[in-house]
Visitor: 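I am attaching a structure below and will ask some questions about it afterwards.
One-based numbering, in listed order, for ligands and for the atoms of each. Both backbone and side-chain heavy atoms feed into the values below; hydrogens, waters and symmetry mates do not. These numbers come from a predicted model, not from an experiment.
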Amino acid sequence: MPILGAAEAELILHGGKIVTVDKQFSIREAVAVAGGRIVAVGDNETVLKLKGPTTQTIDLGGKMVLPGLIDSHSHPTGASVTEFDHPLPEFETIQDVLDHIKARTKVVKEGEWIVLRQVFITRLREQRYPTRAELDRVAPKHPVLYSTGPDASVNSLALKLAGIDRNFKMPPGEPGFAERDPQTGEPTGILRRCTNLLKAKSTEKEPTEADYMERLPMLFRDYNSVGLTTIGDRDTTSTEVARYAKLRDAGALTVRIAALLGVPYTGEIGEIQGKIREVARHPLFKDRSGLVRVIGMKTYLDGGMLTGSAYMSKPWGVSKIYAITDPAYRGVLFIPHDRLLAMVRTAVECDLQFSAHTVGDGAVQAFLDVYEEVNKTTPIRGTRPCMSHSNFMSRESVERCARLGVCPDMQPAWLYLDTRTLVEHFGYDRLRHFQPLRSLFEAGAIAGGGSDHMQKIGSLRSNNPYDPFLGMWTAITRKAKWYDGQLHPEEALTREQAIRFYTWNNAYLLRLDAEVGSLEPGKRADLVVLNTDLLTCFVDDIRKTQVLKTYLDAD
Ligand SMILES: [Zn+2]
């Protein structure tokens, strides 16, 4: 076994099942750490030779060790303060939603906004939006915004304040629209990607800098408790990155962060390109040594599958669930081809990772067309070009990802939470390439697992749940909540692939593969000790896995 240097190890874990996630997926007995880096992995006898008088040795008693787990898609800043003003209950039914809004009318002054964000209709028992009439009934004197992804359901007072009535026309250049009753022409209260017109101002108290500095470490410790040692923040600001750096300097940052700065897609293209170039000038983009790094930029290409606006290659179909009335409606594509082309080209020229929220198969195709075109003149693979979510794909898109080196970051917990509704709406067959993980792996594309965690602290109560073992279990079983059977089990990952999905693949996708993602000499000593043997346990025990110890740089 290769041993780096002859120095005495600070820490040796031995007598375990060390899953290295190296190229061969080797499994060893022991690992030694010095100076925060792995210095040896091998059999007990060889590694224990590095033991000196001050070495801490831990007998693992046969337990499994993995590289620190990585979530390639989260939004920690917002998530850490979701419940800063008031706690949010679990929303399982429309009644839960209405009860909560009614309770808020007692606290919020009449005439002021009640805003509820990211309660996904696909995950409600009734699988639909609360209607304008229902919202009116519980909150007649408050404008109400029930928003989910880029879409929303609002009450009559909210429509009135925004001037959205039967004669309303969208301002030019805005990609969204207001759904209308086909009989009366009246707005139904469902808004597609145009909640900005409402100018809803929440009355909730705003967290201060000190509040963020207190709550973010709470969230990061919770990430550690489920084995996460690295995350990708997919849409952040330079202020937030500066805050992460401040936490790092105070010794309070317990995860590595690869940050993608948000870039707008509307406005003058020259200005947008200026913003992209600004990202590349961020000092933490070139400095690739520390816990906090900037790796690229993020924007949004289409709507969502949880809300009925993902841009599909075929019409969505008239739908009660998603409140869709137009049979030809295919969803909303936010960025036209030429604009996206200019944006991607600028990012690639700056060596930035480009990433866009891309959910529908139509959007996936449009995005790959642009990547393909840019790739003809400027090779894109080295930037680890990313496609966030990439839920609906075609066989052809899978192969193009592999060929171009485009890396989808994907969220198995959505399959777990949303399959019931998606099957009901689209039918089983149209979901053949929904999160086609096995196909991506077999084609040679590098896809990474994540959560898109955006609300609340708590790995299973959060929205979206960030427990990586739930993610692995879902990717392996393709089983889902409130759903019998499996969703296209031919797309299930093997256990080995599921481990790669949350370790090495994500390290590659976050441009950190030289540092983390596998347990090999020279890499950072980010590792986790588990109570479960993920390779041999009963499959349903995978999601119940507990992390016994998480090391970041072996601290
Ligand atoms: Zn996201």
Side-chain angles (χ1 to χ4, degrees), residues 70-82 117-123 147-152 193 195 216 219-220 223 228 230-237 240-241 244 255 257-265 279 294-311 331-335 352-360 363-364 367 384-392 406-418 435 447-457 459 462-468 470-471 474 501-502 506 509-510:
I70 305 177
D71 185 322
S72 49
H73 192 139
S74 73
H75 301 281
T77 297
S80 70
V81 297
T82 314
R117 289 195 192 278
Q118 308 295 30
V119 182
F120 298 119
I121 54 171
T122 50
R123 299 174 188 175
S147 92
T148 168
D151 305 320
R193 211 282 185 195
T195 52
L216 274 167
L219 172 59
F220 294 148
Y223 281 166
L228 295 170
T230 297
I231 55 159
D233 184 334
R234 275 192 195 275
D235 188 359
T236 186
T237 63
E240 290 169 9
V241 171
Y244 297 151
V255 288
I257 300 182
L260 289 100
L261 297 181
V263 168
Y265 53 83
V279 175
V294 168
I295 61 162
M297 56 142 294
K298 162 85 181 283
T299 194
Y300 294 81
L301 183 52
D302 73 338
M305 73 177 203
L306 310 180
T307 69
S309 56
Y311 185 68
V332 189
L333 190 71
F334 302 164
I335 317 178
L352 292 170
Q353 173 175 98
F354 190 98
S355 183
H357 162 113
T358 312
V359 173
V364 165
F367 198 9
R384 317 275 158 98
C386 185
M387 185 155 63
S388 290
H389 311 306
S390 200
N391 282 308
F392 297 86
V406 172
C407 309
D409 76 82
M410 304 175 87
Q411 295 73 34
W414 295 25
L415 188 157
Y416 175 65
L417 292 171
D418 302 313
Q435 295 196 359
S451 60
D452 199 9
H453 173 222
M454 54 178 94
Q455 286 198 336
K456 299 185 183 177
I457 300 175
S459 62
S462 57
N463 186 1
N464 294 292
Y466 52 82
D467 183 336
L470 173 67
T474 306
F501 192 46
Y502 281 92
N506 268 339
L509 204 134
L510 296 176

Visitor: Once ring-ring contact (aromatic ring centres under 6.0 Å, His included) is applied, do any residues pair with Y416, and if so which ones, sequence neighbours excluded?
Guide: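 With sequence neighbours excluded, Y416 shows a ring-ring contact (aromatic ring centres under 6.0 Å, His included) to W473, given in chain and number order.
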Visitor: Please examine the side chains of R234 and C386, heavy atoms only from C-beta on, and report whether any two atoms are closer than 4.5 Å.
Guide: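 They are in side-chain contact.
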Visitor: Sorted by chain and residue number, which protein N/O/S atoms are under 2.8 Å from the Zn ion (ligand 1)?
Guide: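 Per the 2.8 Å query on the Zn ion (ligand 1), atoms found are H73 NE2, H75 NE2, D452 OD1.
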Visitor: For the rings on H389 and H357, is their centre-to-centre separation under 6.0 Å?
Guide: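 Between H357 and H389, which both carry aromatic rings, the centre distance is below 6.0 Å.
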Visitor: Side chains of L510 and T230: does their closest heavy-atom pair fall under 4.5 Å?
Guide: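 Side-chain contact under 4.5 Å: yes.
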Visitor: Partners of D235 by salt bridge (charged side-chain N to carboxylate O under 4.0 Å, His left out), sequence neighbours excluded?
Guide: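 By the salt bridge (charged side-chain N to carboxylate O under 4.0 Å, His left out) rule, D235 matches no residue at all.
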Visitor: By salt bridge (charged side-chain N to carboxylate O under 4.0 Å, His left out), which residues pair with R123, not counting sequence neighbours?
Guide: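 Counting only residues at least two positions away or on another chain, R123 forms a salt bridge (charged side-chain N to carboxylate O under 4.0 Å, His left out) with D418.
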